Amino acid sequence: MTADSDPSLPVIEHPDAIRVRVQEWQRKGERVGLVPTMGALHEGHLSLMRAAKAECDRLVVTIFVNPAQFGPNEDLSRYPRPFTRDVELCQAEGVDVIFHPQPATMYPEGHATTVTTGGCSRLWEGAHRTGHFDGVTTVVLKLFLIVPADIAYFGLKDYQQQLLIRRMCTDLNVPIEIRSCPTVREPDGLALSSRNVFLSPDERQRALQLSDTLQWAEEQVSSGRDDIAAIRAELQHRLQQADGVILDYVTIADAGTLEELDTPREQMVALIAAKVGNTRLIDNRVISLERR
Ligand code: AMP
């Protein structure tokens with residue numbers, strides 16, 4: 001680990017400036033970790049930073065609310081942007097530099113090239129948010145080219161996203177290792193999300209039905225049930241009845257392909273997306289038969 005950390009955390013907006021800095025570190029043999037975020041940082045983001053600090057010499061955090069991954073009727077304009085607080089949190093975690101580009105820098109006039117995702121991108125989040133994963137993978141690939149880190153850290157909270165980023169790196173020979181880190185939750189089970197600030201106290205209480213129901217599904221499998229189709233149907237029924245929750249989807253899928261399952265597999269994932277009030281939340285739970 002390096003001891004010469006700057007007391008004031010640099011915020012860099014220009015791609016060339018950050019790339020040069022990263023390359024300088026790497027020339028000295030330092031290992032660079034990257035945590036891409038949209039800001040509005042919480043303990044989930046901080047856990048990724050801590051994972052990166054534990055195995056890298058240098059840590060770059062990117063803060064960029066990526067317009068390309070929001071649909072026309074989604075919450076781009078109201079997405080929280082508490083930038084000063086984010087910088088303070090990064091400083092407290094020992095981040096070496098923040099990359100904070102302007103949208104016009106990332107998508108200059110005439111921008112016409114994007115990543116097209118295949119595979120599981122047509123399912124679940126991809127089916128409900130047209131173009132979302134193309135927007136995510138395009139910006140992540142751009143960030144990987146601007147910040148040619150050794151290891152990049154993503155949260156399992158966005159389960160399908162981390163699968164598709166791994167797929168992209170394999171398919172396009174991106175020389176960056178991907179780490180997927182556990183979902184950080186509130187003590188009562190609610191998955192941390194930058195969007196949780198939009199929940200009223202009442203909605204927050206209702207939102208617990210998402211994590212509670214996923215936990216129930218895992219308990220059913222852990223206790224020996226093999227009738228995945230029936231558990232899935234029960235999950236759907238519970239959430240369709242749930243007070244103040246408008247369900248987009250809930251399923252139990254193969255953890256690698258995200259194909260919906262009727263019968264058990266070694267590694268499964270229960271996935272959910274629902275609106276609580278005006279706030280759309282996602283959550284998931286990996287269910288492993290090995291743990292039975
Ligand atoms: P976002 O700022 O929402 O784009 O998230 C940036 C990164 O933080 C992504 O890799 C997310 O999966 C991850 N992340 C978001 N929420 C959590 C959480 N509760 N626990 C762990 N990682 C998270």
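All figures in this text were calculated on a predicted structure; none of them were measured in a lab. Order of listing sets the numbers, starting from 1, for every ligand and every atom in it.
Each of the following atoms of ligand 1 lies closer than 4.0 Å to a heavy atom of P182: 20 (N), 21 (C). Atoms of ligand 1 lying under 4.0 Å from at least one heavy atom of T37, given by number and element, are 2 (O), 6 (C). Close approach to P36 involves these atoms of ligand 1, each under 4.0 Å from a residue heavy atom: 6 (C), 7 (C). Of all the atoms in ligand 1, the ones that sit under 4.0 Å from a non-hydrogen atom of F154 are 10 (O).
A donor and an acceptor atom, one from each side chain of Y79 and N66, are nowhere located under 3.5 Å apart. Between the side chains of Q162 and Y153, not a single donor N or O lies within less than 3.5 Å of an accepting N or O. Counting only N and O atoms by type, the side chains of D243 and Q209 include no donor and acceptor under 3.5 Å apart. Side chain to side chain, E30 and Q26 fail the donor-acceptor criterion of an N or O pair below 3.5 Å. Checked by atom type, the side-chain pair D134/T117 shows a donor-acceptor distance below 3.5 Å. With 3.5 Å as the limit, one finds no donor-acceptor pair spanning the side chains of S211 and R285.
Of the protein's heavy atoms, Y79 OH, 3.9 Å lies nearest to atom 3 (O) of ligand 1. With respect to atom 23 (C) of ligand 1, the closest heavy atom belonging to the protein is K157 CB, 3.9 Å. Of the protein's non-hydrogen atoms, the one nearest atom 16 (N) of ligand 1 is H42 CE1, 3.3 Å.
When the heavy-atom distances from atom 5 (O) of ligand 1 to M38, Q162, H45, Q69 are ranked, the shortest goes to H45. Compare L192, T183, L41, D158 by their heavy atoms: the one nearest to atom 12 (O) of ligand 1 is in D158.
Close placement of the H100 and F83 rings is indicated, their centers lying within 6.0 Å of each other.
Through chains of ILVMFWY side-chain contacts below 4.5 Å, L192 is grouped with V184.
No part of S194 comes within 4.0 Å of ligand 1, judged by heavy-atom distances. With a 4.0 Å cut-off on non-hydrogen atoms, L48 touches ligand 1 through its side chain and not its backbone.
The cationic atom of K142 (NZ for Lys, CZ for Arg) does not lie both less than 6.0 Å from the six-membered ring centre of F64 and within 45° of the ring axis.
The distance criterion of under 3.5 Å between nitrogen or oxygen atoms is met by V184 with respect to ligand 1. Distances between N or O atoms of G155 and those of ligand 1 include at least one value under 3.5 Å.
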